Amino acid sequence: MGTTSKLKDLKKDEKLFFIGLVIWILLQVSRFIAINLINDINGGEESLAWMYPAYLDIFAAVLALPLVLSILKFRGLLTWTFTIVYLVISIVDHFGNFITTTIVGPPSIVKEGMNPLLIPIIQTIIDFLFFVLLLAPKYYKLFFKIGRQKNIEFV
């Protein structure tokens, strides 16, 4: 018995899980904004304390597309593990943002009047939600069904 090959063959909650996970990871491409922060750090306009969170943001942005491709085409132990590690590193990055904001203040890329902790809090909650769902047997099994692996097709 292989994994379901078409998205329409999945149960409603399984579809929502896969579509939500893929959309959430695709949204991480926006974290390339950290390049501006790195340039500000190198120019001496930002605290060096922001370098670590900025590099983790770049990591998340660069690996978002390969992870989405892997989830859609090559589900299995490696993809599941990569997704778990990706979410853990993203959560660590958000905690780094909390700590750095608390110690040195928000970075220059945060717009004036915006709560510098609101976005990382929301991102952490969503990352943690997907992390927990990936550990739940119902969604875990979507990555590990026994038999020949097939791709998910959106047709």
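Keep in mind the model is a prediction, meaning the values are calculated, not measured. Residue numbers count from 1 along this sequence.
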Name the orientation class of the two ring planes belonging to F17 and F143 (parallel below 30°, tilted from 30 to 60°, perpendicular beyond 60°).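 Rings of F17 and F143: perpendicular, as their planes differ by over 60°.
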Taking all atoms of both residues into account, what is the closest heavy-atom pair of [X] and [Y], and its distance?
{"X": "L134", "Y": "Y140", "answer": "O-CB, 3.6 Å"}
{"X": "A34", "Y": "A54", "answer": "CB-O, 3.5 Å"}
{"X": "V104", "Y": "S47", "answer": "CG1-OG, 3.8 Å"}
{"X": "P120", "Y": "T124", "answer": "O-OG1, 2.7 Å"}
{"X": "Q28", "Y": "A64", "answer": "CB-CB, 4.3 Å"}
{"X": "P106", "Y": "P116", "answer": "CB-CB, 3.5 Å"}

Let me confirm one number: the [atom1]-[atom2] distance from [X] to [Y], rounded to the nearest 0.5 Å.
{"X": "I71", "Y": "T83", "atom1": "CD1", "atom2": "OG1", "result": "4.0 Å"}
{"X": "L67", "Y": "Y86", "atom1": "CG", "atom2": "OH", "result": "6.5 Å"}
{"X": "W24", "Y": "L21", "atom1": "CH2", "atom2": "CG", "result": "11.0 Å"}
{"X": "W80", "Y": "K141", "atom1": "CH2", "atom2": "NZ", "result": "13.5 Å"}
{"X": "I38", "Y": "D57", "atom1": "CD1", "atom2": "CG", "result": "8.5 Å"}
{"X": "I109", "Y": "I33", "atom1": "CD1", "atom2": "CD1", "result": "4.5 Å"}

Donor-acceptor under 3.5 Å (E14 side chain, Y139 main chain):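 Not confirmed, E14 side chain does not pair with Y139 backbone.
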Quick check: does any side chain N or O of T100 sit under 3.5 Å from a backbone N or O of N97, one acting as donor and the other as acceptor?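 No, the answer is negative, given that no donor and acceptor are paired below the 3.5 Å cut-off.
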Without hydrogens or angle criteria, can the side chains of [X] and [Y] be said to hold a donor-acceptor pair below 3.5 Å?
{"X": "R31", "Y": "S90", "value": "yes"}
{"X": "D40", "Y": "W50", "value": "no"}
{"X": "D93", "Y": "Y55", "value": "no"}

Kindly indicate whether the side chain of P107, heavy atoms from C-beta on, has any atom under 4.5 Å from the side chain of V110.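 Yes. Closest side-chain heavy atoms under 4.5 Å.
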Are K138 and D13 packed together at the side-chain level, in the sense that at least one heavy-atom pair is separated by less than 4.5 angstrom?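 Yes - at least one pair of side-chain heavy atoms lies under 4.5 Å apart.
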Criterion side-chain contact (heavy atoms from CB on, under 4.5 Å) on Q123 and I91, from CA distance to verdict: CA-CA 8 Å; Q123 290 174 320; I91 292 167; over 6 Å; no
Check the hydrophobic clustering (I, L, V, M, F, W, Y; side-chain heavy atoms under 4.5 Å; chains of links allowed) and say if [X] and [Y] are grouped together.
{"X": "L135", "Y": "L142", "result": "yes"}
{"X": "L65", "Y": "V22", "result": "yes"}
{"X": "L77", "Y": "I84", "result": "yes"}
{"X": "L72", "Y": "L78", "result": "no"}
{"X": "I25", "Y": "L27", "result": "yes"}

ring-ring contact (aromatic ring centres under 6.0 Å, His included) partners of F95, counting only residues at least two apart: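 F95 satisfies ring-ring contact (aromatic ring centres under 6.0 Å, His included) with F98 only.
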Atom CZ of residue position F128 - does it have more than 12 heavy atoms of other residues, nucleotides or ligands inside 6.0 Å?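 Check fails, neighbour count at 12 or below.
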